[in-house]
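Written below as structure tokens is the structure these notes are about.
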Amino acid sequence: MYNTKAYSAASATSPLASDTIARRDPTEHDVRIEILFCGICHSDLHSVRNEWSDFMSTTYPIVPGHEIVGRVTQVGSAVTKYKPGDLVAVGCMVDSDGDCPRCKAGLEQFCQDVIFTYNSPDKHLGGVTYGGYSDSIVVDQRFVLRVPENLDLAGVAPLLCAGITTYSPLRHWGVTEGKKVGVIGLGGLGHMGVKFAHAFGAHTVVFTTSPNKTEDALRLGADEVVISRNADEMQKHAGSFDFILDTVSAKHDINAYLNLLRLDGNITLVGAPENPLDVAAFSLIMARRSLSGSSIGGIPETQEMLEFCGEHNITADVEVIPIQKVNEAYERLLKSDVKYRFVIDITSLKSE
Ligand code: NAP
Ligand code: ZN
């Protein structure tokens with residue numbers, strides 16, 4: 001065991017503050033990583049404030065962070081995939097049972113024993129796992145991803161959650177050229193969804209509550225932008241979408257969007273608001289529409305997504321902050337004031 005610097009929250013109402021946590025020494029299958037950048041996902045905020053208590057209540061202290069990029073500093077004796085100096089990444093998962101049908105299908109995120117990067121039982125040290133708002137992390141090589149060397153590293157970090165969480169459902173639902181695709185909410189997930197939908201060749205429409213994001217949405221790859229609070233603008237698109245990706249982090253009217261789907265159209269929820277959404281039966285029934293959900297993506301698909309980003313030069317648009325500004329960043333997230341992902345420069349932890 002060794003100690004590493006981190007930022008943690010002591011309760012649902014405490015700010016994040018400097019702390020020291022223990023990490024295990026690498027076992028034979030483990031990789032030790034010096035963290036360079038860690039993105040701030042809205043899920044970090046939901047978890048710190050225990051907003052998902054019905055699904056997964058938070059154990060304190062919590063060290064959030066699951067958009068991790070860094071360099072390998074040490075490997076266990078059985079590690080074959082990585083060596084010291086390699087540029088690597090870790091996303092939302094650090095372990096799973098490895099042999100259930102879901103794991104075998106490369107869908108580790110749906111394994112019943114999946115261990116998330118933070119706030120999951122830590123079978124090595126007891127207590128819970130601690131995430132990437134810290135100097136270093138030790139992870140089984142199966143859950144470590146390789147990072148293309150040509151990409152901006154701060155912009156890579158958000159690919160590990162915002163990237164794969166949007167890439168995976170767009171692929172699953174067959175988003176390609178000729179499809180009309182909507183993305184609701186232009187935040188961390190939403191802006192990656194726009195980049196991918198555009199890269200896959202779809203006609204891409206952004207729904208935003210923030211009129212001041214219109215120009216950015218077009219620059220990011222949207223063909224059209226709809227201000228979702230304007231009922232007339234919404235109505236113009238009634239019955240026309242093949243697929244809509246919903247990334248909204250707070251309660252909103254999902255029926256307004258279901259009504260924009262064509263026959264057999266689908267809305268996939270990736271946003272995970274604290275409170276349930278109301279679905280009107282007739283929003284679905286009348287055009288055999290469907291509403292579904294999606295959780296991040298498996299390890300093979302995450303690696304595929306990173307390579308796709310390397311080939312197409314896709315990274316997140318980021319605002320890099322020192323860790324000392326993390327509480328301020330959370331307040332700005334709540335005001336939809338993010339362009340379009342905060343990323344912590346972990347070297348700022350060294351001064352703590
Ligand atoms: P974010 O950066 O804060 O973006 C959320 C966006 O939603 C905002 O920028 C805003 O976009 C829109 N929005 C916020 N409040 C709204 C409201 N009251 N009504 C309508 N629109 C609103 O958050 P994020 O990191 O992208 O995460 C989004 C959600 O996805 C969170 O709930 C997060 O926990 C969840 N998530 C799920 C997964 C998964 O695997 N399923 C993975 C990661 C995150 P506009 O300003 O454009 O309206
Ligand atoms: Zn996330």
Side-chain angles (χ1 to χ4, degrees), residues 38-52 55-56 64-68 89-93 107-110 114 116-119 131-133 157-170 172 182-195 205-217 220 222 225-230 234 245-254 256-257 268-277 292-298 301-302 316-319 329-343:
C38 183
I40 297 180
C41 178
H42 208 114
S43 303
D44 300 349
L45 189 158
H46 290 303
S47 302
V48 163
R49 302 193 178 176
N50 202 16
E51 290 174 354
W52 290 339
F55 164 65
M56 185 196 290
H66 56 208
E67 294 184 336
I68 298 168
V90 176
C92 302
M93 306 177 278
L107 297 170
E108 300 87 350
Q109 75 275 33
F110 301 123
V114 63
F116 292 113
T117 306
Y118 60 82
N119 197 42
Y133 297 8
L159 301 179
L160 277 299
C161 177
I164 185 60
T165 302
T166 51
Y167 182 94
S168 181
L170 290 170
H172 179 79
V183 176
I184 317 175
L186 199 65
L189 267 57
H191 95 290
M192 289 311 307
V194 172
K195 289 189 186 207
V205 181
V206 166
F207 296 97
T208 179
T209 59
S210 309
N212 64 353
K213 293 181 183 172
T214 302
E215 260 180 50
D216 285 343
L220 291 164
V225 180
V226 174
I227 307 304
S228 52
R229 294 203 164 115
N230 182 329
M234 293 284 281
L245 187 67
D246 184 341
T247 77
V248 175
S249 52
K251 188 146 180 148
H252 57 289
D253 178 13
I254 188 82
Y257 297 98
T268 290
L269 292 179
V270 286
E274 177 178 7
N275 296 308
L277 302 173
S292 58
S294 188
S295 174
I296 46 175
E301 194 174 38
T302 306
D317 285 29
V318 299
E319 181 174 339
Y330 275 30
E331 291 313 310
R332 285 181 54 195
L333 263 193
L334 285 174
K335 291 188 224 141
S336 302
D337 174 22
V338 51
K339 291 191 173 170
Y340 279 86
R341 195 58 141 186
F342 292 111
V343 171

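Nothing here was measured: the structure is a model prediction, and the numbers come from that model. Each ligand, and each atom within it, is numbered from 1 in the order the structure gives.
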> Less than 4.5 Å apart, any side-chain heavy atom of Arg341 and any of Leu189?
Replying inline: yes

> Between Lys251 and Leu277, is there a donor-acceptor pair closer than 3.5 Å when you use the side chain of the first and the backbone of the second?
Replying inline: no

> Mind counting the protein N, O or S atoms sitting less than 2.8 Å from the Zn ion (ligand 2)?
Replying inline: 3

Short N or O separations between ligand 1 and the protein, below 3.5 Å:
{"from": "ligand 1", "atom 1": "2 (O)", "to": "Gly188", "atom 2": "N", "distance (Å)": "2.8"}
{"from": "ligand 1", "atom 1": "3 (O)", "to": "His42", "atom 2": "ND1", "distance (Å)": "2.7"}
{"from": "ligand 1", "atom 1": "9 (O)", "to": "Lys213", "atom 2": "NZ", "distance (Å)": "3.3"}
{"from": "ligand 1", "atom 1": "11 (O)", "to": "Leu186", "atom 2": "N", "distance (Å)": "3.2"}
{"from": "ligand 1", "atom 1": "23 (O)", "to": "His42", "atom 2": "ND1", "distance (Å)": "3.4"}
{"from": "ligand 1", "atom 1": "25 (O)", "to": "His42", "atom 2": "N", "distance (Å)": "2.9"}
{"from": "ligand 1", "atom 1": "25 (O)", "to": "Arg341", "atom 2": "NH1", "distance (Å)": "2.6"}
{"from": "ligand 1", "atom 1": "26 (O)", "to": "Gly188", "atom 2": "N", "distance (Å)": "3.3"}
{"from": "ligand 1", "atom 1": "26 (O)", "to": "Leu189", "atom 2": "N", "distance (Å)": "2.8"}
{"from": "ligand 1", "atom 1": "32 (O)", "to": "His46", "atom 2": "NE2", "distance (Å)": "2.8"}
{"from": "ligand 1", "atom 1": "32 (O)", "to": "Ala272", "atom 2": "N", "distance (Å)": "3.0"}
{"from": "ligand 1", "atom 1": "34 (O)", "to": "Ser43", "atom 2": "OG", "distance (Å)": "2.8"}
{"from": "ligand 1", "atom 1": "34 (O)", "to": "His46", "atom 2": "NE2", "distance (Å)": "3.3"}
{"from": "ligand 1", "atom 1": "40 (O)", "to": "Ile296", "atom 2": "N", "distance (Å)": "2.8"}
{"from": "ligand 1", "atom 1": "41 (N)", "to": "Val270", "atom 2": "O", "distance (Å)": "3.0"}
{"from": "ligand 1", "atom 1": "41 (N)", "to": "Ser294", "atom 2": "O", "distance (Å)": "2.9"}
{"from": "ligand 1", "atom 1": "46 (O)", "to": "Ser210", "atom 2": "OG", "distance (Å)": "2.5"}
{"from": "ligand 1", "atom 1": "46 (O)", "to": "Lys213", "atom 2": "NZ", "distance (Å)": "2.6"}
{"from": "ligand 1", "atom 1": "47 (O)", "to": "Leu186", "atom 2": "N", "distance (Å)": "2.7"}
{"from": "ligand 1", "atom 1": "47 (O)", "to": "Thr208", "atom 2": "OG1", "distance (Å)": "2.5"}
{"from": "ligand 1", "atom 1": "48 (O)", "to": "Thr209", "atom 2": "N", "distance (Å)": "2.8"}
{"from": "ligand 1", "atom 1": "48 (O)", "to": "Thr209", "atom 2": "OG1", "distance (Å)": "2.6"}

>> Using the salt bridge (charged side-chain N to carboxylate O under 4.0 Å, His left out) criterion, which residues pair with Glu331? Sequence neighbours excluded.
In response: Arg49

> Any donor and acceptor pair, going by atom type alone, linking the side chain of Glu67 with main-chain N or O of Cys41 inside 3.5 Å?
Replying inline: no

> Which of parallel (below 30°), tilted (30 to 60°) and perpendicular (above 60°) describes His42 and His46?
Replying inline: tilted

>> So, taking the atom named CD1 in Ile296 and the one named CZ in Phe110, what distance separates them when rounded to the nearest 0.5 Å?
In response: 8.0 Å

>> Quick one about Ser228 and Thr209 (side-chain donor to acceptor, distance below 3.5 Å, no hydrogens or angles considered), yes or no?
In response: no

> Which of parallel (below 30°), tilted (30 to 60°) and perpendicular (above 60°) describes Tyr118 and His66?
Replying inline: parallel

>> Run the side-chain contact (heavy atoms from CB on, under 4.5 Å) test against Asp216 and tell me which residues pass, sequence neighbours left out.
In response: Arg219, Lys339, Tyr340

